[in-house]
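Working notes, beginning with the structure itself.
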Amino acid sequence: PLIDTPETELPDLAPGNGHPGYLGGSSHSSQPRWIQRDLVLTPLPVAIADTALSFNGRDEYLAAEQVQGLNLSEFTLEAWVKLDAAGQRHGLITQGDATTNVTHFQWWIDADNRLKLSSATANDISSNVIAASTLTADRVHLSVVVGADEIQFFVNGESKGSRDAVAFTSAGSDLYLGRSFDEVTYLQGTMQEVRIWRGLRSQAQLVQNRDRQLSGAEAGLVGYWRLDSRDATDLPDDGLIRDLSFNRNHLHLGGLLAI
């Protein structure tokens with residue numbers, strides 16, 4: 001009982017023990033007292049949404065100019081993707097200078113069903129081949145971790161190869177999701193939960209957080225777009241895709257998304 005009356009019995013709730021406690025009697029100079037406190041519970045993780053943004057593979061993409069906080073030399077990219085068709089190029093994330101077509105990094109899937117990463121100062125770096133059914137049957141979690149010593153590719157949290165590191169030099173402040181700067185490679189399929197991290201995420205961290213939504217305030221998170229609308233009709237009135245990280249690099253529709 002939440003009372004501080006002397007000699008009040010406090011029952012032992014463990015089955016079969018029967019060892020109650022008692023608040024000190026009136027002769028005691030010190031009495032324990034109950035103090036009311038708010039109970040603070042840690043929220044349970046929220047699963048990622050069942051919906052994702054759809055791209056038609058021809059002219060639909062998301063874009064932002066003058067982005068900040070993405071000039072990184074070591075970083076991690078993540079996204080949930082489901083392709084409409086394998087065996088062709090699909091653009092995921094491109095950052096750099098769209099006017100001059102100089103990239104800081106470009107992440108895409110090639111016609112051989114491999115994750116690819118490149119920049120203006122680095123040749124194409126490829127993962128191992130991914131089964132076509134993995135990319136098309138259901139949404140799949142893709143990630144690449146760019147470090148000073150190596151570059152690692154992951155699919156659903158499992159390694160898809162590592163390669164020797166190359167330098168990624170900052171270039172421009174444009175960001176595209178769903179296409180490359182050269183207007184050749186567009187995404188045909190759906191994408192959601194796009195995340196850019198400063199620094200290296202471990203394999204355990206990728207697995208732990210891939211199925212849950214983030215708040216946007218996580219340490220090291222420099223870009224976070226949930227993309228949990230089905231199409232343009234589900235977007236806010238201003239048409240912006242919100243970056244929930246502290247950088248607030250909100251994305252605009254670069255083309256009319258599928259309706």
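Centroid-to-centroid, the aromatic rings of F105 and F168 stay 6.0 Å apart or farther. Between F55 and Y186, the ring center distance fails the sub-6.0 Å criterion.
Cluster membership check: I125 shares its hydrophobic cluster with V144, using side-chain heavy-atom separations under 4.5 Å among Ile, Leu, Val, Met, Phe, Trp and Tyr. Note on L72 and V67: same hydrophobic cluster, where clusters join Ile, Leu, Val, Met, Phe, Trp and Tyr whose side-chain heavy atoms are under 4.5 Å apart, directly or indirectly. Tracing side-chain contacts under 4.5 Å through hydrophobic residues (I, L, V, M, F, W, Y), one never reaches I151 starting from L200; they form parts of separate clusters. Following chains of ILVMFWY side-chain contacts shorter than 4.5 Å, one can reach L77 starting from L92, so the two form part of one hydrophobic cluster. Residues L187 and L135 fall within the same hydrophobic cluster, defined by Ile, Leu, Val, Met, Phe, Trp and Tyr side chains chained together at heavy-atom separations under 4.5 Å.
Residues Q95 and D174 fail the side-chain proximity criterion, which asks for heavy atoms closer than 4.5 Å. Two residues are said to be in side-chain contact when any heavy atoms from C-beta on lie closer than 4.5 Å; I241 and H250 fail this criterion. At least one side-chain heavy atom of L83 sits less than 4.5 Å from a side-chain heavy atom of V81. Counting heavy atoms from C-beta on, the side chains of L175 and L70 come closer than 4.5 Å.
Distance check: I130 CD1 to T136 OG1 gives 11.5 Å after rounding to the nearest 0.5 Å. Note that CG of L142 and CD1 of I93 are 10.0 Å apart. Values are rounded to the nearest 0.5 Å. Here the straight-line distance linking atom CD of Q203 with atom OG of S143 works out to 8.5 Å at 0.5 Å rounding. With values rounded to the nearest 0.5 angstrom, W225 atom CH2 is found 6.0 Å from L251 atom CG. In this structure, CZ in R198 is found 9.5 Å from OG in S245, a value given to the nearest 0.5 Å. Here the CZ-OG distance, from F154 to S162, works out to 8.5 Å after rounding to the nearest 0.5 Å.
Formation of a donor-acceptor pair under 3.5 Å by the R248 side chain with backbone atoms of L244 is found in this model. Judged by distance alone, the side chain of H104 and the main-chain N or O of A171 form no donor-acceptor pair under 3.5 Å. Panel note: side chain S126, backbone K116; no donor-acceptor pair is recorded below 3.5 Å. For the pair W80 (side chain) and V194 (backbone), a donor-acceptor distance under 3.5 Å is absent. In this structure, T103 contributes its side chain and Q106 its backbone to no donor-acceptor pair below 3.5 Å. The backbone N or O of R201 sits nowhere less than 3.5 Å from a side-chain atom of Q205 that would complete a donor-acceptor pair. Checking side-chain atoms of D164 against main-chain N and O of D149 turns up no donor-acceptor pair under 3.5 Å. A donor-acceptor contact shorter than 3.5 Å links the side chain of E74 to the backbone of A148. Between the side chain of Y224 and the backbone N or O of L214, at least one donor-acceptor pair lies under 3.5 Å. Remark: side-chain polar atoms of D243 are paired, donor with acceptor, to backbone N or O of N249 under 3.5 angstrom.
With sequence neighbours excluded, no residue forms a salt bridge (charged side-chain N to carboxylate O under 4.0 Å, His left out) with D211.
Closest approach of T121 and A167 over heavy atoms only: OG1-O, 3.2 Å. Here the closest non-hydrogen pair linking N56 and Q188 is O-CG, 3.8 Å. Listed here is the closest heavy atom pair of A49 and Q192: O-NE2, 3.1 Å. Residues S180 and T94 come closest through the heavy atom pair CA-OG1, 3.5 Å. Minimum interatomic distance between V155 and K160 (heavy atoms only, all atoms of both residues): CG2-CG, 3.4 Å. The two residues V207 and G157 have their closest heavy-atom pair at CG2-CA, 3.8 Å.
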> Passes side chain to side chain contact (heavy atoms under 4.5 Å, CB included), I196 versus T76? Steps please.
Replying inline: CA-CA 6 Å; I196 302 178; T76 301; over 6 Å; no
>> Checking E78 against W197 for the side chain to side chain donor-acceptor pair (under 3.5 Å) test, could you report, in this order, the C-alpha distance in whole Å, the side-chain angles of both residues, the deciding distance, and whether it holds?
In response: CA-CA 9 Å; E78 293 184 73; W197 300 85; 2.7 Å; yes
>> With side chain to side chain contact (heavy atoms under 4.5 Å, CB included) as the criterion, how do W108 and D124 come out once you've worked through the C-alpha distance, each side chain's angles and the decisive distance to 0.1 Å?
In response: CA-CA 10 Å; W108 80 102; D124 295 352; 3.5 Å; yes
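Environment of CD in E150: crowded, with over 12 heavy atoms of neighbouring residues, nucleotides or ligands closer than 6.0 Å. Within 6.0 Å of CD in E218 there are more than 12 heavy atoms belonging to other residues, nucleotides or ligands.
Sorted by first then second residue, the salt bridge (Lys or Arg N to Asp or Glu O under 4.0 Å) pairs that include residues 177-194, not counting sequence neighbours, are E193-R195.
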